Number of protein chains: 2
Amino acid sequence: MTSDFEAQLRRVPLRVTRPRLAVLAALHEHPHSDTETVIALVRAQHPLVSHQTVYDVLRALTDAGLVRRIQPAGAVARYESRVGDNHHHLVCRTCGAIVDVDCAVGDAPCLTASDDHGFTVDEAEVVYWGSCPACATEHHHSDPPVRRKQ
Amino acid sequence: MTSDFEAQLRRVPLRVTRPRLAVLAALHEHPHSDTETVIALVRAQHPLVSHQTVYDVLRALTDAGLVRRIQPAGAVARYESRVGDNHHHLVCRTCGAIVDVDCAVGDAPCLTASDDHGFTVDEAEVVYWGSCPACATEHHHSDPPVRRKQ
DNA sequence: GGGTAAACTTGAACTATTCCAGATGAGTGG
DNA sequence: CCACTCATCTGGAATAGTTCAAGTTTACCC
């Protein structure tokens, strides 16, 4: 498990450090975590890791393609370690929950705009907005509002 | 033109004020503007309008459905007055330019996820990422990097 | 083991946005 | 047409997420 993450880092290549292994492990077990959550998870094992290091690591891993940054409108950045496919996300407007959803129509149609206006398109990102099962059933209570940036 | 915006506000209903008319006019002539740009456009006619008022107006108009907020990952919020259809956007990774694109497959398929995991989906947002014609041809120069938040 | 660039720590800075309290004014009813 | 009232606007301060910068440590190559 750990050696798997080590191999991922060496393949990129990036130096193998404790903070990077801890971030990869955290995202593997808690997909769609935001930075604050990743910091807490990393510090559970290595209390002395600085927040700046986690920001640096997340950027390095994202640039290297080992993790993917997702940022629904009005929310903080979240990260996931599932990369390489083109899957999309369901996002709950109420509680912010995110779940993966496979691309509905395979790869190709997802990249095809009706008129590309001369753009060179390399990715089509789809976000399905709605309510998760839990929030849909109790939307009349005093919902604790999600912290949103917007 | 101005009376058209006035009618829009009364229909919602929202009070008709100079800041609101100015924001609607600004977005009508400069779609996909960010807040800073809207503030500048409004102040061209009404120099004394505060930035907080523009933020308030944009929120009120968004909540009322007269404008739509769009916020590509890692960028500041932008606004447009084209509402009511479900069109999508092409976004240039280099310069941040945004252009509208009609929904490729009509309405219904756009709302259909391959597996909704129990979510109640009310909107499918599609962002096509790539390079605009200008940036695609000169991507080797020292591109002035776009100010991005991420 | 020693050298070196990459990575980490610490602490401050920055930016977009929001919060707050008080002043103003648009719409309504007299 | 005038007064009332609540929505709206002003001005200023605060917040949160993220980034910048300088100096120290450490992973990797020889």
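A quick note: this is a predicted structure, and the numbers were derived from the prediction, not measured. In what follows, chains are A, B, ... by sequence order, proteins preceding strands, each numbered from 1.
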Does one side chain, of A/Asp34 or A/Thr37, offer a donor that lies under 3.5 Å from an acceptor on the other? yes

Near-strand residues of residues 37-47 of chain A, defined as heavy-atom separation under 4.0 angstrom from DNA chain D: none

Within a 6.0 Å radius of atom CZ on A/Arg82, are there more than 12 heavy atoms belonging to other residues, nucleotides or ligands? yes

Shortest non-hydrogen pair, B/Leu21 vs B/Val16, comes out as CD1-CG1, 3.9 Å

Cluster question for you: counting only ILVMFWY and a side-chain heavy-atom cut-off of under 4.5 Å, with indirect links fine, are B/Val23 and B/Leu41 together? no

Determine, for nucleotides 1-9 of chain C in 5'-to-3' order, which nucleotides have protein heavy atoms under 4.0 Å from the base (write B), from only the sugar-phosphate (write S), or from neither (write -). ----BBSSB

Look at the side-chain N and O atoms of B/Arg59 and state whether any lies under 4.0 Å from the OP1 or OP2 oxygen of C/dT18. yes

Going by an N to O cut-off under 4.0 Å, is there a salt bridge joining A/Arg68 and A/Glu125? no

pair A/Tyr79-A/Thr35: side-chain heavy atoms closer than 4.5 Å: yes

Set of ring pair (Phe, Tyr, Trp, His ring centres under 6.0 Å) partners for B/His87, sequence neighbours left out: B/His89

Side chain to side chain donor-acceptor pair (under 3.5 Å) evaluation trace for A/His117 with B/Asp100: CA-CA 9 Å; A/His117 291 265; B/Asp100 291 341; over 6 Å; no

For B/Leu58 and D/dC9, what is the distance between atoms CG and C1' respectively, to the nearest whole Å? 14 Å

Could you check how far CG of B/Asp63 sits from C1' of D/dT8, rounded to whole Å? 15 Å

From CG of B/Asp34 over to P of C/dT15, roughly how many Å is that when rounded to an integer? 14 Å

Want to settle it: does B/Val16 or B/Thr35 sit nearer the 5' end of DNA chain C, counting the closest nucleotide to each? B/Thr35

Nearest-Å distance, CG (A/Leu21) to C1' (D/dA27)? 12 Å

Over all heavy atoms of both residues, which pair between B/Phe119 and A/Cys132 is shortest? Give the atoms and the distance, please. CZ-CB, 3.5 Å

Between C1' on C/dT15 and CD on B/Gln71, what's the gap in Å once rounded to a whole number? 13 Å

Round to a whole Å and report the spacing from CD of B/Glu6 to C1' of C/dA26. 11 Å

